[in-house]
Protein chains: 2
Amino acid sequence: MDGLNPELMRGSLDLMVLSVLADGAKYGYLIQQRLREASDELVDLKAGTLYPILHKLEKAKLVRSRWDDTTGRKRKWYELTAAGKKQLGHRVAEWQRYVTCLRQILGPLADVAPA
Amino acid sequence: MDGLNPELMRGSLDLMVLSVLADGAKYGYLIQQRLREASDELVDLKAGTLYPILHKLEKAKLVRSRWDDTTGRKRKWYELTAAGKKQLGHRVAEWQRYVTCLRQILGPLADVAPA
DNA sequence: AGTCAATACATTGCCTGTCGATATATAGAC
DNA sequence: GTCTATATATCGACAGGCAATGTATTGACT
């Protein structure tokens, strides 16, 4: 992570990875890049963070992987399973519930102009 | 925590506690209740979570505490320091940057109607 | 008087997630 | 030949959350 408190991201890293995979299969390194781009460099997932997440998601059958040896560089492609797509929907809804919840807790503090 | 993924809350618990203290001093148990109310029962901070947070904030000089022995029940009142109020402002801004950031990552997925 | 639930603060120990460090290996540029 | 970027993976240190546990007071109901 870069400009943001890393602690803040804990718990939504899975969601980020799942959502990046929503528009098609990608390999690990590409997921890192896409996330960095999409977040304006704010999210910079380290390898030591990303791969454990991918392995966890695969174990949970939310993503499935396939090695590609046909090109010179070996790449492991990950894609969402049906269960993964469903789960992604749940997670997005949960995230939005959470944002609403925190806005309520912050109360008037939340009314200052967002950056 | 109740209806929400507990992992999601990690990293914003400090923020919640600070923001509850924004409108005046409170003791631990009261903070728990206010947080439960303000979140429609979604956030239910356990004692084993709350007190370490309060102690951490106090150590960081963001809050200060005072025992009240005058009433029958001993209560430890916590209030924001000047540094705490300032920090709260930073944290709120950071939270909003984060929400914006995640909305960008989710892309079209974020467009589904919020709960 | 006795019991129970709510109030009130605190610590301990387990578990899990993050990430820096490290390892391995290929491709292309200089 | 060397350096950087690409590409995946694991290990170990560290920190945070929380169930469990402990102590003690208050008030209600019996």
Side-chain angles (χ1 to χ4, degrees), chain A residues 1-18 20 25-37 42-60 62-78 91 98, chain B residues 1-18 20 25-37 39 42-60 63-78 91 98:
Chain A
M1 312 313 145
D2 228 17
L4 289 173
N5 181 351
E7 291 302 324
L8 218 49
M9 314 243 186
R10 295 191 64 144
S12 28
L13 297 180
D14 291 19
L15 172 60
M16 293 185 199
V17 171
L18 287 173
V20 165
K26 288 171 192 62
Y27 53 93
Y29 197 80
L30 189 55
I31 294 173
Q32 275 186 306
Q33 290 181 309
R34 286 293 173 88
L35 221 37
R36 212 163 23 228
E37 284 168 27
L42 282 177
V43 177
D44 182 22
L45 268 200
K46 310 300 179 190
T49 303
L50 176 61
Y51 291 108
I53 287 175
L54 286 171
H55 298 158
K56 193 185 70 177
L57 292 176
E58 189 170 20
K59 202 172 166 189
L62 300 178
V63 303
R64 112 177 48 94
S65 71
R66 220 179 300 118
W67 279 102
D68 176 17
D69 308 58
T70 65
T71 50
R73 215 183 289 279
K74 278 188 184 186
R75 286 166 177 159
K76 198 171 178 181
W77 291 79
Y78 291 89
R91 297 296 232 87
Y98 182 48
Chain B
M1 315 312 146
D2 227 19
L4 289 173
N5 182 353
E7 291 302 324
L8 219 47
M9 315 244 186
R10 294 191 67 142
S12 27
L13 297 180
D14 291 19
L15 172 60
M16 294 185 198
V17 171
L18 287 173
V20 164
K26 287 171 191 62
Y27 54 91
Y29 197 81
L30 190 55
I31 294 173
Q32 275 186 306
Q33 290 181 310
R34 286 294 173 88
L35 219 38
R36 213 167 16 233
E37 284 166 29
S39 70
L42 281 179
V43 177
D44 182 23
L45 268 200
K46 309 302 178 189
T49 303
L50 176 61
Y51 292 108
I53 287 176
L54 285 171
H55 299 157
K56 193 185 69 177
L57 292 177
E58 189 170 18
K59 202 171 165 190
V63 303
R64 115 177 46 93
S65 71
R66 221 180 299 118
W67 279 101
D68 177 16
D69 307 57
T70 65
T71 51
R73 218 185 286 279
K74 280 189 182 182
R75 285 164 176 160
K76 200 171 178 182
W77 292 78
Y78 290 91
R91 298 294 232 87
Y98 182 47

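First the proteins, then the strands, lettered A, B, ... as listed; each starts at 1. None of the values given here were measured: they were computed from a predicted structure. Only heavy atoms go into these numbers, but all of them, side chains included; no hydrogens, no water, no symmetry mates.
- Which of C/dA10, D/dC18, C/dC19 sits closest to the side chain of B/Leu13 comes down to D/dC18.
- With rounding to whole Å, B/Arg73 atom CZ is found 13 Å from D/dT23 atom C1'.
- Look at CD1 on A/Ile31: it is 12 Å from C1' on D/dT8, rounded to the nearest Å.
- Comparing C/dC19, D/dA9, C/dT7 against the side chain of A/Thr49 picks out C/dC19 as the nearest.
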(Q) For a side chain to side chain contact (heavy atoms under 4.5 Å, CB included) check, start with the C-alpha distance between B/Leu45 and B/Val17, then their side-chain angles and the critical distance, and finish with the verdict. (A) CA-CA 10 Å; B/Leu45 268 200; B/Val17 171; 4.0 Å; yes
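- Side-chain N/O atoms of A/Lys74 include none lying less than 4.0 angstrom from OP1 or OP2 on D/dT6.
- Both A/Trp77 and A/Arg10 sit near DNA chain D, but only A/Trp77 has its closest nucleotide nearer the 5' end.
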Q | Working for side chain to side chain contact (heavy atoms under 4.5 Å, CB included), residues A/Glu37 and A/Leu35 | A | CA-CA 5 Å; A/Glu37 284 168 27; A/Leu35 221 37; over 6 Å; no
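- Annotation: the span from A/Glu58 atom CD to A/Tyr51 atom OH amounts to 13.0 Å, rounded to 0.5 Å.
- Residue B/Lys26 contributes atom NZ, which lies 17 Å from atom P of C/dT7 at whole-angstrom precision.
- Remark: C1' of D/dG17 and NZ of B/Lys56 are 11 Å apart, rounded to the nearest angstrom.
- Between A/Gly48 and B/Leu30, it is B/Leu30 whose nearest contact on DNA chain C lies nearer the 5' terminus.
- When the P atom of C/dT16 is taken as reference, atom NZ of A/Lys59 falls 10 Å away, rounded to whole Å.
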(Q) Run the side chain to side chain contact (heavy atoms under 4.5 Å, CB included) test on B/Asp14 and A/Glu7 for me, step by step, so that the C-alpha distance in whole Å, both residues' side-chain angles and the decisive distance to 0.1 Å come before the verdict. (A) CA-CA 10 Å; B/Asp14 291 19; A/Glu7 291 302 324; over 6 Å; no
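- Residue A/Tyr51 has no polar side-chain atom (N or O) positioned under 4.0 Å from OP1 or OP2 of D/dA9.
- Candidate nucleotides D/dT8, D/dT6, C/dG20 were compared by shortest atom distance to the side chain of A/Lys76, and D/dT8 ranks first.
- If you check D/dT8, C/dT7, C/dG20 against the side chain of A/Tyr29, the one that comes closest is D/dT8.
- If you measure from atom NE2 of A/His55 to atom P of D/dC11, you get 12 Å, rounded to the nearest angstrom.
- The side chain of A/Pro52 approaches D/dT10 more closely than any other nucleotide in the set D/dG16, D/dG17, D/dT10.
- For the residue pair A/Tyr98 / B/Ser12, a side-chain donor-acceptor distance below 3.5 Å is found, with atom types taken as modelled.
- Mapping B/Tyr27 and A/Ala47 onto DNA chain C via the closest heavy atom, the residue that lands nearer the 5' end is B/Tyr27.
- Taking atom CD on A/Gln32 and atom P on C/dG20, their separation rounds to 12 Å, with Å as the unit.
- Going from atom CD of B/Gln33 over to atom C1' of C/dT7 covers 9 Å, rounded to whole Å.
- Note on B/Trp67: only backbone sugar-phosphate atoms sit closer than 4.0 angstrom, heavy atoms only; bases stay farther off.
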